[in-house]
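Please read these numbers as outputs of a predicted model, since none were measured by experiment. Each residue takes its place number in the sequence, starting with 1.
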Amino acid sequence: MQGDIEKTLEAWAADWSSHDIDHLLSLFTDDCIYEDVALGVVNNGKAELKTFADSIFAAFPDFKIELKSRFVSGSWAGMEWVISATHKGDFLGIPATNKSCSIRGTTIIELQAGKIMRNSDYCDIATFLKQIGLMPSE
């Protein structure tokens, strides 16, 4: 079972990186909750998750996730990752800056019957805002 969950985690990152939203959605339960804590966004169900993912891919056409580490414990899993992308389109009311960013984050996942039931992303939003020029650098 742990091997199957690890494959799900790897597919999660690969699908985000390849922008394969259909396969990404297949990893989730129909009534999933996908939360981006730093952005204050909660997506309920696959339709809202699809809309959220489409908005990310539109704003960051080269969006990639690189897994750095992961763990599995029963029906819970966690991942540490780095996102790299270029801000080419409007995102959550922020006009395109055409600047690249690389931010670290983590995801905590709760699984049900081998599917992702809850996904909570936590990332370094201050670094993101600094890199795209919306917050002063140190």
Practice problem: Under the side chain to side chain contact (heavy atoms under 4.5 Å, CB included) rule, what do Val42 and Asn44 come out as? Steps first, then yes or no, please. | Solution: CA-CA 6 Å; Val42 178; Asn44 293 292; 4.1 Å; yes
Quiz item: Parallel, tilted or perpendicular: which fits the ring planes of Phe52 and Phe91, with parallel below 30° and perpendicular above 60°?
Solution: tilted
Quiz prompt | Lys115 atom NZ, over 12 foreign heavy atoms within 6.0 Å | solution = yes
Self-check item: Where His23 and Ala11 come nearest, the two heavy atoms and their spacing
Solution: CE1-CB, 4.1 Å
Quiz prompt | Pairwise side-chain contact, Ser84 with Lys64, heavy-atom cut-off 4.5 Å (strictly under) | solution = yes
Quiz item: Does the side chain of Val41 come within less than 4.5 Å of Tyr34's, by heavy atoms?
Solution: no
Self-check item: Under 3.5 Å donor-acceptor, His87 side chain and Ile132 backbone
Solution: no
Quiz item: Do Trp81 and Thr106 have side-chain atoms, one donor and one acceptor, less than 3.5 Å apart?
Solution: no
Quiz item: Measuring from Leu67:CG to Ser17:OG, what's the distance to the nearest 0.5 Å?
Solution: 8.0 Å
Practice problem: Report whether Val82 and Ile103 are members of the same hydrophobic cluster (ILVMFWY, side-chain heavy atoms less than 4.5 Å apart, transitive linking). | Solution: no
Quiz prompt | Which atom of Lys88 lies closest to which atom of Asn98, heavy atoms considered | solution = CD-OD1, 3.3 Å
Quiz item: Between Thr51 and Leu49, is any pair of side-chain heavy atoms under 4.5 Å apart?
Solution: no
Practice problem: Using the rule that two of Ile, Leu, Val, Met, Phe, Trp, Tyr join whenever any of their side-chain heavy atoms come within less than 4.5 Å, decide whether Trp12 and Ile33 are in one cluster. | Solution: no
Self-check item: Candidate list Glu10, Glu80, Glu6, test side-chain hydrogen bond (donor to acceptor under 3.5 Å, both in side chains), partner Arg70, passing option
Solution: Glu10
Exercise. Return yes if some donor-acceptor pair links the side-chain N/O of Asp36 with the main-chain N/O of Leu39 below 3.5 Å, else return no.
Key: yes
Quiz item: Which distance, rounded to the nearest 0.5 Å, do you find between the CZ of Phe71 and the CD1 of Ile5?
Solution: 11.0 Å
Quiz item: In terms of hydrophobic clustering (I, L, V, M, F, W, Y; side-chain heavy atoms under 4.5 Å; direct or indirect links), are Met79 and Val37 co-clustered?
Solution: no
Exercise. Using only heavy-atom distances, determine whether the side chains of Asp31 and Thr29 contain a donor-acceptor pair under 3.5 Å.
Key: yes
Quiz item: How about Leu134 and Phe128: do any of their side-chain heavy atoms sit closer than 4.5 Å?
Solution: no
Quiz item: Under a 4.0 Å N-O cut-off, is there an ion pair linking Lys68 with Glu66?
Solution: yes
Quiz prompt | Under 3.5 Å side-chain donor-acceptor pair for Ser100 and Thr86 | solution = yes
Self-check item: Single hit among Asn119, Leu111, Ile116 for side chain to side chain contact (heavy atoms under 4.5 Å, CB included) with Leu27
Solution: Ile116
Quiz item: Taking side chain as C-beta onward, heavy atoms only, is Ile21 less than 4.5 Å from Leu25?
Solution: yes
Quiz prompt | Approximate separation, where rounding is to 0.5 Å, of Phe63 CZ and Cys101 SG | solution = 8.5 Å
Quiz prompt | CD1-SG distance between Ile83 and Cys123, expressed to the nearest 0.5 angstrom | solution = 6.0 Å
Quiz item: Applying the 4.5 Å side-chain criterion to the ILVMFWY set and letting contacts propagate, would Ile125 and Tyr122 be lumped into a single cluster?
Solution: no
Exercise. State, with a plain yes or no, whether a side-chain heavy atom of Ser26 is found less than 4.5 Å away from one of Phe28.
Key: no
Quiz item: Which atom pair, heavy atoms only, marks the closest approach of Ser102 to Thr127?
Solution: O-CG2, 4.1 Å
Quiz item: How many angstroms lie between atom CD1 of Ile108 and atom OG of Ser120, to the nearest 0.5 angstrom?
Solution: 8.0 Å
Exercise. Could you walk me through whether Glu35 and Asn43 pass side chain to side chain contact (heavy atoms under 4.5 Å, CB included), step by step?
Key: CA-CA 6 Å; Glu35 177 180 26; Asn43 301 284; over 6 Å; no
Exercise. Supply the atom-to-atom distance Trp76 CH2 to Ile109 CD1, rounded to the nearest 0.5 angstrom.
Key: 10.5 Å
